[in-house]
Amino acid sequence: FFLMIRRPPRSTQSRSSAASDVYKRQEYNNADVKLSAIQAFTTWLSVLETKECKHYEQLLPSMLKAIVDLLNENEYQGQEALTSLCDMAESEPKFFKKNFSLLFQTCLLYTSPSPRDS
């Protein structure tokens with residue numbers, strides 16, 4: 001996923017301090033970025049030819065981790081990410097074939113009761 005990095009202000013002497021200033025001014029949070037990236041990727045994947053999708057299968061484990069993180073950070077955004085994942089499964093079911101066991105393990109991990117639920 002690509003993020004645009006703004007050019008540091010010309011008045012800034014150090015590139016690292018300029019980058020730090022830009023980072024501090026960012027108003028979005030990590031959960032927003034994860035959700036946007038997942039939605040963009042699933043939408044993009046839905047318009048690709050099926051044979052092209054297989055080149056991106058290695059991204060599924062990272063996407064699943066991001067979805068679990070979202071579910072833990074912000075349930076509403078996690079549900080939105082799951083909806084995107086379901087939409088992707090409907091349009092490209094073969095995308096999950098290679099990583100089905102990981103998908104299943106992730107579902108079990110998230111749905112199993114945690115010690116804090118007791």
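Start at 1 with the first residue, then count along the sequence.
Within the 4.5 Å cutoff, no side-chain heavy atoms of Thr83 are placed close to those of Gln39. Between Leu71 and Leu82, some side-chain heavy-atom pair lies under the 4.5 Å cut-off. Considering only heavy atoms from C-beta on, Glu80 stays 4.5 Å or farther from Ile38 through its side chain. Residues Leu60 and Leu102 have side chains not in contact (no heavy-atom distance under 4.5 Å, counting atoms from C-beta outward).
The minimum heavy-atom distance between Lys54 and Lys51, with the atom names listed, is CG-O, 3.2 Å. A pairwise comparison of heavy atoms in Leu48 and Cys53 identifies CB-SG, 3.9 Å as the closest pair. The shortest non-hydrogen separation linking Glu73 to Lys34 is OE2-NZ, 3.2 Å. Minimum interatomic distance between Met63 and Phe41 (heavy atoms only, all atoms of both residues): SD-CD2, 3.6 Å.
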* With side-chain contact (heavy atoms from CB on, under 4.5 Å) as the test, would you mind laying out the steps for Leu64 and Leu85 before giving the verdict? => CA-CA 9 Å; Leu64 292 173; Leu85 188 71; 4.1 Å; yes
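Around the CD atom of Glu49, the shell of radius 6.0 Å holds no more than 12 heavy atoms that belong to other residues, nucleotides or ligands.
With hydrogens and angles left out, the side-chain atoms of Glu92 and Thr50 include a donor and acceptor closer than 3.5 Å.
Remark: Lys65 engages Asp69 in a side-chain hydrogen bond (donor to acceptor under 3.5 Å, both in side chains) (not counting sequence neighbours).
For residues 46-89, the ring-ring contact (aromatic ring centres under 6.0 Å, His included) pairs, not counting sequence neighbours, are Trp44-Tyr56.
Atom CG of Leu35 sits about 9.5 Å away from atom CD1 of Ile67, to the nearest 0.5 Å.
Remark: side-chain polar atoms of Asn74 are not paired, donor with acceptor, to backbone N or O of Leu70 under 3.5 angstrom. The backbone N or O of Thr43 sits less than 3.5 Å from a side-chain atom of Ser46, completing a donor-acceptor pair.
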